[in-house]
Amino acid sequence: MSQYRAIRGMVDILPDDTPLWQMLEQTASDVLGAHGYQEIRTPIVESTDLFARSIGEVTDIVEKEMYTFPDRNDENLSLRPEGTASTVRAMVQHNLIQSPQRVWYMGPMFRYERPQKGRQRQFHQLGVEAFGIPSPDLDAELLLMCRQWWKRLGIDDVLTLELNTIGSGESRQHYKTALSDYLRGHFDALDEDSQRRLETNPLRILDSKSASTQAVLADAPAMTGFLDDESRAHHDRLCELLTLAGVGFVANPNLVRGLDYYNKTVFEWTTDRLGAQATVCGGGRYDGMVRQFGGRDTAGCGFAAGLERLILLLQTLDVEALVEPDLYIVSSDENALGKAMLEADRIRTEFPALGVVQHLGGGSFKSQFKRADKSGAAWAMVFGAEEIAQGTVTLKPLRSKGEQVTLDREGLNQFLTQLEARSQDVEE
RNA sequence: GUGGCUGUAGCUCACCAGGUAGAGCACCGGAUUGUGGCUCCGGAGGUAGUGGGUUCGAGACCCAUCAGCCACCCCA
């Protein structure tokens with residue numbers, strides 16, 4: 001047992017897992033790029049106030065989950081608990097929202113919560129935010145883009161899209177009042193948490209897991225009855241576009257989401273494969289936020305996906321991503337090792353697509369071949385005394401039955417050309 | 001913040017009515033003096049999460065603490 005451990009809820013991603021992470025990140029960046037979205041990178045630390053005002057003062061995130069601290073100048077700072085606030089801040093600060101903008105970011109987020117499956121204190125999100133497009137075709141594009149990503153990952157058929165509209169700020173305010181009034185009449189039938197939320201955030205009572213509370217909600221007023229015409233039209237058009245594109249979704253009138261800044265569209269992609277933490281990706285519209293941060297009145301819409309949860313999902317589906325070298329170089333002695341090192345360098349220059357690992361630290365041929373096998377390399381490339389003397393190299397296939405061959409310089413280059421062509425085919 | 005379960009070798013786990021630790025896999029070496037994957041043989045590796053208590057004696061019992069897992073809350 002080592003003296004130090006990673007601190008609670010913050011985990012190391014070890015070499016065996018990083019290939020899967022890289023695959024996940026690569027597919028994301030491919031899909032995003034294919035849709036014309038550009039990457040943005042913002043600081044991990046912002047003023048506490050930025051998060052408190054955008055996410056909402058009475059949300060759990062702000063009330064109890066933020067890593068907040070005074071810096072040496074007594075400024076009140078926080079580790080970012082999500083990415084939308086920072087992104088909006090950056091876009092406004094640099095005056096980038098004069099015309100429509102579509103951006104994405106990826107990186108660690110921090111929330112002080114009790115760890116459990118699919119939940120850590122430091123976790124990673126991929127977020128997408130689009131500005132200046134108020135129409136529902138944007139909402140549709142974002143959801144189609146998600147589906148593209150799920151398809152490339154092979155998780156399309158274990159995810160469900162849940163969709164709702166929570167209307168404009170004003171219509172929601174009316175609804176909130178009506179809902180609170182109704183629920184106050186059934187106060188005693190509500191569970192303890194819901195009783196508390198009646199004062200702080202009544203909408204959140206809608207997705208309570210308590211059976212008695214859900215029974216009360218059965219006859220509660222519905223948001224649908226309070227929607228303003230514009231929100232209703234927006235939502236209808238979105239549903240139309242999704243149907244047109246063959247994106248299946250489940251209307252979930254209880255889906256409200258916990259962050260204050262949403263309006264109109266809200267959605268979540270969920271799965272039944274991950275236990276309690278079912279949401280893999282969530283988002284919606286936030287048309288008022290840019291203005292709130294001092295920009296012009298500009299529409300906004302986006303989502304964030306939890307990368308740990310996607311990794312877990314890929315792992316439960318036995319999706320693997322391996323990084324195996326093409327060549328593993330073994331050598332018989334110091335002289336041969338020196339020659340081999342020069343040759344490896346030359347190969348990496350002339351055949352940059354090939355993965356070339358050189359055995360270092362000496363040892364018998366036997367132990368070097370064991371290493372070669374464990375590396376997963378397709379070929380062992382042998383530099384022994386005989387090869388050095390003849391100016392040749394021996395190649396032994398590690399993954400197939402064939403015999404090893406000894407090649408001169410020209411033969412080797414032909415071999416490597418073919419090998420590189422084949423390894424690129426596999427990647428395509 | 002609340003609740004339940006758990007904490008013995010790198011990993012998965014055993015032993016134990018309380019008498020000072022063992023297996024499989026992984027790792028290293030050998031059988032094959034220039035060649036891996038199978039087989040056989042050998043080796044290394046643990047102050048039993050940590051601290052305290054009960055006891056002649058505790059990895060086993062009790063308490064505390066830390067950590068992990070799962071769930072609640074909430075969210076990605």
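So you know, we letter chains A, B, ... as the sequences are listed, proteins then strands, and number each from 1.
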[X] has a side chain; which of [options] sits nearest to it?
X      : options             : result
A/L259 : B/G68, B/C75, B/C73 : B/C75
A/D60  : B/A76, B/A71, B/C73 : B/C73
A/F123 : B/C73, B/A76, B/A67 : B/A76
A/R114 : B/C73, B/C72, B/A76 : B/C72

With [atom1] as the reference atom in both, quote the distance from [N] to [M] in angstrom, rounded to an integer.
N     : M     : atom1 : value
B/G59 : B/A14 : C1'   : 13 Å
B/G3  : B/U12 : P     : 28 Å
B/U39 : B/G22 : P     : 25 Å
B/G46 : B/C70 : C1'   : 28 Å
B/A67 : B/G29 : C1'   : 36 Å
B/A76 : B/U2  : C1'   : 23 Å

Closer than 4.0 angstrom, basic N to acidic O: yes or no for [X] and [Y]?
X      : Y      : answer
A/D373 : A/K370 : no
A/E113 : A/R119 : yes
A/E141 : A/R102 : yes

Starting from [atom2] on [N], measure out to [atom1] on [X] and report it in whole angstrom.
X      : N     : atom1 : atom2 : result
A/Q116 : B/G3  : CD    : P     : 16 Å
A/E162 : B/C75 : CD    : P     : 14 Å
A/E113 : B/C72 : CD    : P     : 12 Å
A/E192 : B/G1  : CD    : C1'   : 13 Å
A/R196 : B/U2  : CZ    : P     : 14 Å

Result block: side-chain N/O donor-acceptor pairs under 3.5 angstrom for residues 105-112 of chain A, not counting sequence neighbours:
from, atom 1, to, atom 2, distance (Å)
A/Y105, OH, A/E129, OE2, 3.2
A/R111, NE, A/P81, O, 2.8
A/R111, NH2, A/P81, O, 3.0

* Where each pair must be Watson-Crick or G-U wobble with both distances under 3.5 Å, what dot-bracket representation of RNA chain B is obtained, with crossing pairs in [ ] and other-strand partners as |? -> (((((((..((((.....[..)))).(((((.......))))).....(((((..]....))))))))))))....
Any base atoms under 4.0 Å from [X], or only sugar-phosphate, or nothing? Heavy atoms, all strands.
X      : result
A/Q277 : base
A/G9   : sugar-phosphate
A/A372 : nothing
A/Q120 : base

* Considering residues at least two apart in sequence or located in another chain, which fulfil the salt bridge (Lys or Arg N to Asp or Glu O under 4.0 Å) criterion with A/R285? ->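 So A/R285 forms a salt bridge (Lys or Arg N to Asp or Glu O under 4.0 Å) with A/D139, A/D287.
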* Who are the side chain to side chain donor-acceptor pair (under 3.5 Å) partners of A/R257, not counting sequence neighbours? ->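 If we apply the side chain to side chain donor-acceptor pair (under 3.5 Å) test to A/R257, skipping adjacent residues, the hits are A/E268.
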Only distances under 3.5 Å count here; give the side-chain donor-acceptor pairs of residues 334-341 of chain A to other protein atoms, sequence neighbours excluded, each with its distance to 0.1 Å.
none

* Would you say B/C75 has OP1 or OP2 under 4.0 Å from some side-chain N or O of A/R204? -> yes
* Asked: Syn versus anti for B/G7, judged by chi lying within 90° of 0?
  -> anti
* Flag side-chain contact, heavy atom, 4.5 Å: A/R184 against A/L198 ->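 Heavy-atom side-chain distance check passes, below 4.5 Å.
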* Sugar-phosphate or base contact per nucleotide [nucleotides 28-38 of chain B; S, B, -; heavy atom under 4.0 Å] -> SS----BBBS-
* Structure fact -> Between A/L206 and the options A/N164, A/L217, A/N252, the side chain to side chain contact (heavy atoms under 4.5 Å, CB included) test singles out A/L217
* A/W379 and A/F415 aromatic centres sub-6.0 Å ->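 Ring centres of A/F415 and A/W379 closer than 6.0 Å.
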